[in-house]
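Scroll down for the structure; my scribbles are underneath it.
Remember, it's a predicted structure, so these values are computed and weren't measured experimentally.
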Amino acid sequence: MLCYNIWEVISVQRYFLETSEITNSKAIINGQDFHHIKHVMRMKIGDKVVICDKNSHCYLSEITDFNMDGCVVKTIEELTNKNRMIQIDIAQSLIKKDAFETVIQKSTELGVRTIIPLMAKNSIIKIDDKKLDSKHKRWNTIAKEASEQSERNTKAMVQKPLSIAELSYDQYDYVIVMYARGKESNINADMLKTDKKLLLLIRPEGGFDLKEIAFLKDQSNTIFFTIQNRILRSETASIYMLSVLNYLSEIGD
């Protein structure tokens, strides 16, 4: 059995395969990741990387060749999947650019699967349709880099913006609505099971509109949650709640 120093494994760059799959223990890394390997990291044949496929399997691998379109890697050994978290997506109301991008980065580090930009009535940010594609690409680049940095086995994804009415509530077991100045603060043990799917809704700076609240209360699986004795910024509320859910899930093992 091959053995590698643990520090060697955790210090190498991690890449998620986009267009290539692992065949006969080999894969090709191309696109922006190939550019990063060759021109930014200046790696050479024999250098080690970690590659993750679309089935969340990650492998310590060695670069064996470079060609015009990419670099060829050979897998050495599969790494243990250390990522364990409840299955949670976040619908983050659109807020100022830097704050929203911080939410993407930090929520990815905290294990969120999907980030859904939420168009609420009181959102102060409105996205020009002509700029949406470039913003969406940037958002996913941030999620990809945060997924690699935090050594996830799966890459977080950012969807295109949706309204509250367009969210798919029926695909979740629980929808947690962050609500300021309310009285509800309950999280039950069933919500923290790894087979449960959760959606976390984060309000905009101006809060949810009364009609939006009424709509959310009509959904059969929504739970309203208020952080008592303090009012947090939208971006802080999302990071706070993800941290709480992570912690409660881990201590409940």
Indicate yes or no: at least one non-hydrogen side-chain atom of Leu201 is less than 4.5 angstrom from one of Val175. yes
Regarding Arg138 and Glu101, does a basic nitrogen lie under 4.0 Å from an acidic carboxylate oxygen? yes
Indicate the ring-plane relationship of His35 and His39, choosing parallel, tilted or perpendicular according to the 30° and 60° boundaries. tilted
side-chain contact (heavy atoms from CB on, under 4.5 Å), paired with Pro161, selected from Leu132, Leu118, Ile125: Leu132
Side-chain donor-acceptor pair under 3.5 Å between Ser234 and Gln92, yes or no? yes
Taking the six-membered ring of Phe16, is NZ or CZ of Lys144 closer than 6.0 Å to its centre and within 45° of its axis? no
Short N-O contact, Lys197 and Asp89, less than 4.0 angstrom: no
Out of curiosity, Ile127 CD1 to Lys160 NZ, how far, rounded to the nearest 0.5 Å? 10.5 Å
4.5 Å side-chain heavy-atom contact, Tyr179 and Leu216: no
Over 12 foreign heavy atoms within 6.0 Å of NZ, Lys126: yes
Distance col, row Glu205:CD vs Ser123:OG, nearest 0.5 angstrom, shows 7.5 Å
Presence of salt bridge, Lys44 and Asp47, under 4.0 angstrom: no
Parallel under 30°, tilted from 30 to 60°, perpendicular over 60°: which one fits the rings of Phe66 and Phe34? tilted
Leu60, Ile22: one ILVMFWY side-chain cluster at the under-4.5 Å cut-off? no
Side chains of Val158 and Pro117, heavy atoms from C-beta outward: is any pair under 4.5 Å? yes
Less than 4.5 Å apart, any side-chain heavy atom of Met43 and any of Gln13? yes
Between the CG atom in Asp33 and the CG atom in Leu17, the distance rounded to the nearest 0.5 Å is 8.5 Å
Working to the nearest 0.5 angstrom, can you tell me the gap between Lys106 NZ and Ser150 OG? 10.0 Å
Show, in sequence, the C-alpha distance, side-chain angles and deciding distance for Gln87 and Arg113, and conclude whether the side-chain contact (heavy atoms from CB on, under 4.5 Å) test is met. CA-CA 7 Å; Gln87 301 179 63; Arg113 302 183 312 167; 3.4 Å; yes
Flag yes if Val72 and Met41 sit in one hydrophobic cluster, no otherwise; membership is Ile, Leu, Val, Met, Phe, Trp, Tyr, and two members link when side-chain heavy atoms are under 4.5 Å apart. no
Interatomic distance, Ser163 atom OG to Glu212 atom CD [nearest 0.5 angstrom]: 8.5 Å
Gap between atom CD1 of Ile88 and atom OG of Ser107 - 0.5 Å precision: 9.5 Å
Just so I know, are the side chains of Val73 and Ile29 near enough to count as touching, which here means a heavy-atom distance under 4.5 Å? yes
